[in-house]
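Every chain is numbered from 1 and lettered A, B, ... according to where its sequence line falls, protein lines coming before strand lines. No hydrogens, no waters, no symmetry mates; every other heavy atom, side chains included, goes into these values.
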Amino acid sequence: MFRTLTFLLLMVLPETLTAQEIKLPEGLGDLSIMMESEVEEPGLPFDLSGFLESRIGARLGQDAHQKDMSIGELRLQIGIEKEFDSLTFNFVSDFLYDPVRDEHSLGLETGQGFMDIREANVTFSPLDFMDVKIGRQVLTWGTGDLLFINDLFSKDWNSFFIGRDDEYLKAPSDALKTALFFGDYNLDIIYVPRFDADRFIDGTRISFFDRASGGLSGRENPVLVDRPDGWFSEDELAARLYKSFGAYETALYYYNGYWKSPAGQNVTTGWGTFPRLQVFGASVRGPMSQGIASLEGGYYKSADGASIDPFVRNSEFRLSVGYEQEIGPELTGGIQYYLEHRLDYDSYLAFLPEGAIRDRQNRHLFTLRLTKLLMQQDLRLSLFNFYSPSDKDGYLRLHISYKIRDSLKVEAGGNIFYGQNIYSFFGQFKDNSNIFTALHYDF
Amino acid sequence: MRILTLTILALSLFWTASASAADVMEVVKNANHVSYYKGKDGRAKVTMQIIDSQGRSRAREFIILRRDDDDTDGKQKFYVYFNKPADVKKMVFMVHKNLDRGDDRWLYLPALDLVKRIAASDERTSFVGSHFFYEDVSGRGVDEDTHEILEEDETYYIVKSTPKDPNSVEFASYKNWIHKGTFLPIKTEYYDDQGQKIRSYSALKVEMISGHPTVTASRMENHETGGKTLMNYSAVKYDVGLPENIFSERYLRKAPRKYLR
């Protein structure tokens, strides 16, 4: 009797009321203001997206080695995605008209010419705990903000310095990516069968300080390089083992390949070389105080004999520490410290040719990021500054974008290089300081 | 027998009491439960129409996946996959909601293949540029305010809530019209310290979905700026059986298609 009653009483608790018994609220708002529910477009048998943009920029000063225009391009990006059963095909390519470059022949690895394939890959999961992505893809890992220690995937420094969208800092890699998930431990293994170099500063877009000639060099005299290009012999391997401890993400990294931008010189030809490189690194990232803190380090083991060869960059230790937090309404701030520590410095000094520029043992770099959103996030202001007290130089990136409509945005920005010496990392680019503006339509 | 009768009497008195006068905390907890913790998990397609005081309109469309860690109305995980506008298409925003500390948030940018950790921001800032705040989408901790029932009629409990830490929020208090039959908040009004209404929420449509009364259309208005956002939920499903590992880096980089269609 008692049990039955209790049971009956329990039955009338709100959670157990059946649907018919619950009276829904009635007479609520006027629904006529809601937008018509969109009829799904019957359209295409695949997913299509992309954008069309024009981007124009000019140098702030005179650079005898370059055109006055720093960028002037019309770019169409087409992205196509299609699933077949468990396979996902993805193709993203840019088509561009670029009067600033004189060379228009197609280079799918250098990004030169009218077409730049960003992605052409297939993704599938052959096993429950395994994802595979084969083909051209953009790859990123690590914890730095615009600072990369263990991310040795190709970068496009030219795009970065002339005011293209941030996504173009990442150049695509032709790779096989295998991701394995063992519960707590996850492992990514990336194999690049033929070395993919950075789209490094070679003078064609941005002039730089040429240590051999002791002066600035530009498009009349671009860097010539011996690029390792043997399929399956001059290859790259990158691995990341990662695990979370609560809210803290930790990772170990390994890379075996080549310096991604020229870090040596062939004495006979004078051409740039990409010496062998192995990197062993680790990172941790997680919440601290009101924000997110990160720490990353890496040991760059250069080619054998680098320490006694003045034409091969020495081994290095690199470190970055970062912290980011919200510092006001819709305002985020981030700071980082970064160190490049040259190993075997005594030996570097001993073998340095007479009269050559002597680099310091430590390059210290600080970065500051500020991002402010306004007008329901339609207006975005951002500032990113690199400053090196050891090189006495820096690089300021300013960017403002406003969305006129959901699909249409105007942008303006600047890339300002400064420094005391013409040969320092950022100082050498002083004449390349530029401003740009863009009109961007997404579809 | 006597004991039994007394017990029954006591029990029925207890239940009667709870059904009418109701402990305010129970009402608030029930409202929190039916607003944010229906089923073990859920998915929905959300469209937003963000309208400023001049009538200019912006659209957002995303799929939201939600999974509760357990049935204590505590920790949850969210996966938000954007379809519109086009410039954020395929971006993913992921949140591990904690009660004891700030939420863990990630943003995945597909063009860069970048998994970015985002500093837990003020919960009372705009969610994706709309007039809804993060907290409106994922819930405000019931213990962050003190609550009292101001009025009660046949249909609604009108609950006034006052923040325990007034400096952490932009309002001085808010009133919630909680529907008695479903415990759904149907209207919420936020006031400043002058008693001026600064912001208000209205449920515009409630539907029964898999036995859960669900607000499928709502509006958030900012009376200070004159802007408002209309939010529409469609293709709502509960108890989808979302695996926990969906809410991890693996699926940021490789969207779990079968749950996003």
Would you mind telling me which of Val34(B), Val88(B), Val128(B) has the largest number of heavy-atom pairs within less than 4.5 Å of chain A? Val128(B)
At a heavy-atom separation under 4.5 Å, does [X] approach chain A through its side chain, its backbone, both, or neither?
X         : result
Ile186(B) : side chain
Ser130(B) : backbone
Ser126(B) : both
Trp106(B) : side chain

Considering only NZ, NE, NH1 and NH2 on the basic side and carboxylate oxygens on the acidic side, decide whether Asp87(B) and Lys403(A) come within less than 4.0 Å. yes
Basic-acidic side-chain contact under 4.0 Å: Asp378(A), Arg58(B): yes
Please examine the side chains of [Y] and [X], heavy atoms only from C-beta on, and report whether any two atoms are closer than 4.5 Å.
X         : Y         : result
Glu324(A) : Arg117(B) : no
Asp442(A) : Lys89(B)  : no
Leu24(A)  : Thr182(B) : yes

Where the side chain of Gln376(A) meets the backbone of Gly129(B), is there a donor-acceptor pair that is under 3.5 Å apart? yes
Under 3.5 Å, is there a donor-acceptor pair between the side chain of Asp406(A) and the main chain of Pro85(B)? no
So if I take each residue of residues 97-105 of chain B and look for any heavy atom under 4.5 Å from a heavy atom in chain A, which residues do I end up with? Arg101(B), Asp104(B)
If you check every heavy atom in residues 246-261 of chain B against those of chain A, which residues fall under 4.5 Å? Glu249(B), Arg250(B), Arg253(B), Lys254(B), Arg257(B), Arg261(B)
With rounding to the nearest 0.5 Å, note down the distance linking CD in Glu326(A) to OG1 in Thr125(B). 5.5 Å
